Chemist: 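Sharing a structure here in structure tokens format.
The first residue in the sequence is number 1, and the count goes up from there. The structure displayed is predicted, hence computed values, not measured ones. Just follow the structure's listing: the first ligand is 1, and inside any ligand the first atom is 1.
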Amino acid sequence: MGTVLLSSLHAYYTSRTEATRDYKGIPVLAVNYKAYPTAFGETGLAIALTAEKLAEEYDGIIRFILAVPATEIVRISESTDKALVYAQHADPVEPGAHTGYLPLEALKEAGAKGTLLNHSEHRIRLSDIDTIVRRATQLGLETLVCADTPTAAAAAAILSPTMIAVEPPELIGTGVPVSKAKPEVITSTIQLVRMVNPDVPILAGAGITTGEDAATAIKLGANGVLVASAVMKAKDPEAKLLELAEALAKAAEKKSQQ
Ligand SMILES: O=C[C@H](O)COP(=O)(O)O
């Protein structure tokens with residue numbers, strides 16, 4: 001790719017992402033609540049309070065993101081600050097006659113700081129991702145776009161979201177970690193995404209269960225992890241969050257010394 005094209009792409013990314021937070025160098029621990037029974041009401045809030053406590057302890061070391069059900073955004077965002085509350089999905093519509101849809105403005109008003117998009121369990125069209133990412137950036141909301149393959153991740157990265165997550169669908173919820181079972185998915189994603197977007201943080205997800213799984217993702221070059229069942233189905237979610245946070249922090253520190 002020519003230098004001129006690369007520098008114009010870089011300027012384009014900078015203009016599209018300037019409204020969002022700087023994630024450079026700080027590993028991300030993103031927890032997708034999905035619609036697990038623990039995601040709602042008091043149990044969902046208790047997990048968020050634990051994450052908030054850890055986010056304060058690990059301020060500047062780990063960034064915590066909680067992608068919570070739309071029904072929980074108000075409750076959880078009122079009780080958190082350092083742990084950022086995301087929606088799990090947004091629709092490409094403005095407030096108006098759209099029954100059952102989730103406009104970005106409504107998510108922002110409810111207290112969300114960003115939204116997950118295109119999760120394997122809630123896929124949307126590339127053109128809709130483009131619209132939502134652009135509008136979210138204008139509204140000062142972050143976007144974490146999921147992709148099922150390295151090439152899909154690169155396609156999404158061109159749209160300049162705040163972050164990308166790659167997750168092979170066949171490993172989601174299995175407890176078999178992508179970082180060990182399919183490390184090439186992470187390394188190829190990094191390679192392809194970096195060809196089109198030099199800065200976007202890349203998370204790895206699917207089956208990440210232990211601190212070691214998360215640390216391996218960082219070793220492979222990921223900027224963080226996207227987890228769900230390991231936390232939401234844990235007997236002790238606090239212990240699990242702590243295990244993941246400690247491992248990510250150690251792995252990132254080791255990496256920075258190399
Ligand atoms: O959004 C999270 C992913 O789908 C990973 O789910 P999992 O950690 O249960 O495998």
Side-chain angles (χ1 to χ4, degrees), residues 27-40 43-44 47-48 50-51 62-70 72-73 76 83-90 102 107 112-124 129 132 142-150 152-153 156 161-183 185-186 189 201-218 220 222-245 247-248:
V28 174
L29 175 49
V31 181
N32 181 2
Y33 276 41
K34 302 199 175 182
Y36 283 115
T38 49
F40 304 97
T43 48
I47 292 171
T50 296
I62 305 272
R63 286 210 203 264
F64 284 78
I65 290 173
L66 306 172
V68 309
E72 308 305 304
I73 293 173
I76 292 179
L84 296 188
V85 172
Y86 272 36
Q88 295 177 2
H89 167 76
L102 289 171
L107 300 175
K113 298 290 188 292
T115 185
L116 219 63
L117 288 172
N118 197 44
H119 191 278
S120 281
E121 293 151 10
H122 202 145
R123 287 204 174 135
I124 57 177
I129 301 174
I132 300 168
E142 301 185 356
T143 46
L144 167 47
V145 178
C146 301
D148 56 352
T149 62
T162 311
M163 280 172 278
I164 294 281
V166 67
E167 300 199 314
E170 66 280 10
L171 296 180
I172 290 176
T174 61
V176 178
V178 59
S179 50
K180 292 192 179 151
K182 295 200 168 174
V185 169
I186 300 176
T189 298
I202 301 164
L203 311 190
I208 301 283
T209 306
T210 65
E212 196 190 321
D213 302 340
T216 305
I218 298 290
L220 290 167
N223 305 103
V225 292
L226 174 59
V227 303
S229 49
V231 173
M232 302 311 291
K233 292 172 85 174
K235 279 203 184 94
D236 184 347
E238 179 166 4
K240 185 49 72 179
L241 281 169
L242 181 60
E243 175 188 339
L244 292 167
L248 281 172

Chemist: Run the numbers for me: atoms of ligand 1, each under 4.0 Å from some heavy atom of V227, listed by number.
Modeler: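 In order of number, 8 (O).
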
Chemist: Please list, in number order, the atoms of ligand 1 under 4.0 Å from a heavy atom of I172.
Modeler: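 Ligand 1 atoms under the 4.0 Å threshold to I172: 4 (O), 6 (O), 10 (O).
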
Chemist: I172 vs K34, test: side chain to side chain contact (heavy atoms under 4.5 Å, CB included). Steps then yes/no.
Modeler: CA-CA 12 Å; I172 290 176; K34 302 199 175 182; 3.3 Å; yes

Chemist: Are the side chain of T209 and the backbone N or O of A230 linked by a donor-acceptor pair below 3.5 Å?
Modeler: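 It does not hold such a pair.
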
Chemist: Mark up the atoms of ligand 1 that fall under 4.0 Å of a heavy atom belonging to N32, in ascending order.
Modeler: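 Here the atoms of ligand 1 in question are 1 (O), 2 (C).
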
Chemist: Would G205 count as a contact residue for ligand 1, given that I'm defining contact as a non-hydrogen atom of the residue lying under 4.0 Å from a ligand atom?
Modeler: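 No, that is not the case, since the closest heavy atom of the residue is not under 4.0 Å from the ligand.
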
Chemist: What atoms in ligand 1 come closer than 4.0 Å to a heavy atom of S229?
Modeler: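 Near S229, the atoms of ligand 1 are 7 (P), 8 (O), 9 (O).
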
Chemist: Is any side-chain heavy atom of L66 closer than 4.5 Å to one of E72?
Modeler: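 Side chain of E72 against side chain of L66, heavy atoms only: no contact under 4.5 Å found.
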
Chemist: Could you say whether the N/O atoms of A206 and ligand 1 ever approach to under 3.5 Å?
Modeler: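 N/O-N/O distance under 3.5 Å: no.
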
Chemist: Any nitrogen or oxygen of A230 lying under 3.5 Å from a nitrogen or oxygen in ligand 1? Just yes or no.
Modeler: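 No: no nitrogen or oxygen of A230 is under 3.5 Å from one in ligand 1.
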
Chemist: D213 and T216: side-chain donor and acceptor closer than 3.5 Å?
Modeler: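 Absent: no donor and acceptor within the cut-off.
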
Chemist: Tell me, please, which residues at least two apart from A156 pass side-chain contact (heavy atoms from CB on, under 4.5 Å).
Modeler: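 side-chain contact (heavy atoms from CB on, under 4.5 Å) list for A156, sorted by chain: V145, I164.
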
Chemist: If you measure every N or O of K34 against every N or O of ligand 1, does any of those distances drop under 3.5 Å?
Modeler: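 For ligand 1, there is an N or O atom that lies under 3.5 Å from one belonging to K34.
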
Chemist: I need the minimum non-hydrogen distance between L29 and L244, along with the two atoms involved.
Modeler: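 Smallest interatomic distance, heavy atoms only, reads CD2-CB, 4.0 Å.
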
Chemist: What protein heavy atom sits nearest atom 2 (C) of ligand 1, and how far away is it?
Modeler: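 Checked against all protein heavy atoms, atom 2 (C) of ligand 1 sits closest to E167 OE2, 3.2 Å.
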
Chemist: I need the minimum non-hydrogen distance between L220 and P183, along with the two atoms involved.
Modeler: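 Result for this residue pair: CD1-CB, 3.7 Å.
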
Chemist: If you measure every N or O of E121 against every N or O of ligand 1, does any of those distances drop under 3.5 Å?
Modeler: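 Among all N and O atoms of E121, none is under 3.5 Å from an N or O of ligand 1.
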
Chemist: Looking only at heavy atoms, what is the nearest atom pair of A228 and N32, with distance?
Modeler: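 That would be CB-O, 3.3 Å.
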
Chemist: Which atoms from ligand 1 have a heavy atom of G173 less than 4.0 Å away?
Modeler: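 Those qualifying, in numeric order: 7 (P), 9 (O), 10 (O).
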
Chemist: Checking contacts here: is it the side chain or the backbone of A228 that comes within 4.0 Å of ligand 1, counting heavy atoms only? Could be both or neither.
Modeler: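 It is both backbone and side chain that touch ligand 1.
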
